[in-house]
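Quick caveat, the model's predicted, so the values are computed rather than measured.
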Amino acid sequence: MSPLRQRFIDDMRLRNLSPQTIEAYVLAVLKFSRHFGKSPDALGPDHIRQYQLHLIDQKASWSQFNQGVCALRFLYNVTLQRPHVIKHLPFAKRPRILPDVLTREEVAQLLAAARPGRDRTILEVKYSCGLRLRELLGLQVGDIDSARMALHIRRGKGQKERFVPITPRLLELLRAYWLEYRPATYLFPGLKPGTPLHDGTVQRLCKRTAQRAGLTKRIHPHTLRHSFATHLLEAGVDLLSVQKLLGHSHFNTTAKYLHISQRRLAELPKILEALAPPMSTAEGES
């Protein structure tokens, strides 16, 4: 490993970036360096501009494009101490695409089709608590707080902790799961001792269960989180509470679920009718 890469990694560790972010940033800078066949400290603003145009030509996703921007910003601003290099480094505009969600009936259909035991418990926890996939896989047995009726999310996005409430039914399901499988550390352990289940396993589980349930929608683990948020809003839970439950840092991230709440869309004509001024007598007679 080159001294520059080691210093880059150390700088990110000092700022408490997650291992996944560090890995992604290192890979992004490595691709940038390999594109020109030179070390990043020998490259400047014109090279970065050329590389961004290259990514556009390659039809890179906005997330891949912006991840590269963030990695280069950190490298030149922090590690190389050359902020002038990235002074005019633009981000790509994120496409505003609404996520797919399941109806409550479809969620019930999906959970009923899951195999009893580990598979059903994973999907129940994923939906009932609205967890991100990494939060789900990072759960440990000690994170179940039965006294507070909550899950302690210790490894949330941005290294943020939060508590997510659980229902008595879900607590009983978790107890039954523990009695059957006896996990020692991670609630959903992988094949290798002391490691969590692989995210690909849960992705395949969602796909397999959706097919068994006869659902035609493309369902992945995050679909359950989107559905959880939407169903909370449809049940009348305020947006700020939903934001806290989901662990969102920004209010706008949560607000997108307002656009896909079918109950709110159905109620909109009634709301507009109530806002309309009453007709005058002359208007009523005309």
**Q.** Side-chain (T103) to main-chain (E106) donor-acceptor, under 3.5 angstrom
**A.** yes
Q: Identify the two heavy atoms, one from R5 and one from L30, that lie closest to each other, and give their separation to 0.1 Å.
A: NH2-CD1, 3.3 Å
Q) Would a distance-only check, ignoring hydrogens and angles, find a side-chain to backbone donor-acceptor pair under 3.5 Å from K126 to L136? A) no
(Q) If I take atom OG1 from residue T201 and atom CZ from residue R118, how far apart are they, to the nearest 0.5 angstrom? (A) 6.5 Å
Q. Taking NZ, NE, NH1 and NH2 as the nitrogens, is one of them in R169 or E172 under 4.0 Å from a carboxylate oxygen of the other?
A. no
**Q.** Gap separating the CD1 atom of I22 from the CD atom of Q20, nearest 0.5 angstrom
**A.** 9.0 Å
Q | Side-chain donor or acceptor of H47 paired with backbone N/O of S33 under 3.5 Å | A | no
Q) Would you call the rings of H222 and H226 parallel, tilted or perpendicular if under 30° counts as parallel and over 60° as perpendicular? A) perpendicular
Q: For atom CD of E23, decide whether the heavy atoms of other residues, nucleotides or ligands shown that lie under 6.0 angstrom number more than 12.
A: no
Q: Please check if L191 and L205 belong to a single hydrophobic cluster, counting links between Ile, Leu, Val, Met, Phe, Trp and Tyr side chain heavy atoms closer than 4.5 Å.
A: no
Q: Hey, could you give me the NZ/NE2 distance between K31 and H54, rounded to the nearest 0.5 Å?
A: 9.5 Å
(Q) So, taking the atom named CG in L111 and the one named OG in S128, what distance separates them when rounded to the nearest 0.5 Å? (A) 7.0 Å
Q: Decide if atom CZ of R82 counts as having more than 12 heavy atoms of other residues, nucleotides or ligands within a radius under 6.0 Å.
A: yes
Q) How are the rings of F188 and Y177 set to each other: parallel, tilted or perpendicular (split at 30° and 60°)? A) tilted
Q) Can you check whether G117's main-chain N or O pairs, donor with acceptor, with T121's side chain at less than 3.5 Å? A) yes
(Q) Parallel, tilted or perpendicular: which one describes the rings of F36 and Y51, with boundaries at 30° and 60°? (A) tilted
Q) Looking at CZ of R148 and CZ of F163, how far apart are the two atoms once the value is rounded to the nearest 0.5 Å? A) 4.0 Å
(Q) W178 vs I144, test: side chain to side chain contact (heavy atoms under 4.5 Å, CB included). Steps then yes/no. (A) CA-CA 11 Å; W178 186 87; I144 303 173; over 6 Å; no
Q. So, Q6 and D10: side-chain donor and acceptor under 3.5 Å apart, yes or no?
A. yes
Q: For the pair H198 (side chain) and G200 (backbone), establish whether a donor and an acceptor sit closer than 3.5 Å, ignoring hydrogens and angles.
A: yes
Q.
With a sphere of 6.0 Å drawn around CZ of R13, does it hold more than 12 non-hydrogen atoms of other residues, nucleotides or ligands?
A. no
Q) For H220 and Q203, does a side-chain donor sit closer than 3.5 Å to a side-chain acceptor? A) no
Q: Verify the neighbour count for atom CZ of R212: are there more than 12 heavy atoms of other residues, nucleotides or ligands below 6.0 Å?
A: yes
Q) Taking it one step at a time, do Y25 and Q67 satisfy side chain to side chain contact (heavy atoms under 4.5 Å, CB included)? A) CA-CA 7 Å; Y25 281 16; Q67 193 172 70; 4.3 Å; yes
Q: With rounding to the nearest 0.5 Å, note down the distance linking CG in L80 to CG in L75.
A: 4.5 Å
Q.
Would you say that more than 12 heavy atoms from the other residues, nucleotides or ligands in this model lie under 6.0 Å from the CG of L53, or not?
A. yes
**Q.** T209 (side chain) donor-acceptor with A114 (main chain) under 3.5 angstrom
**A.** no
Q. Is K217 atom NZ crowded by more than 12 heavy atoms from other residues, nucleotides or ligands, each under 6.0 Å away?
A. yes
Q | Test item: R225 side-chain N/O and L246 main-chain N/O as donor-acceptor pair under 3.5 Å | A | yes
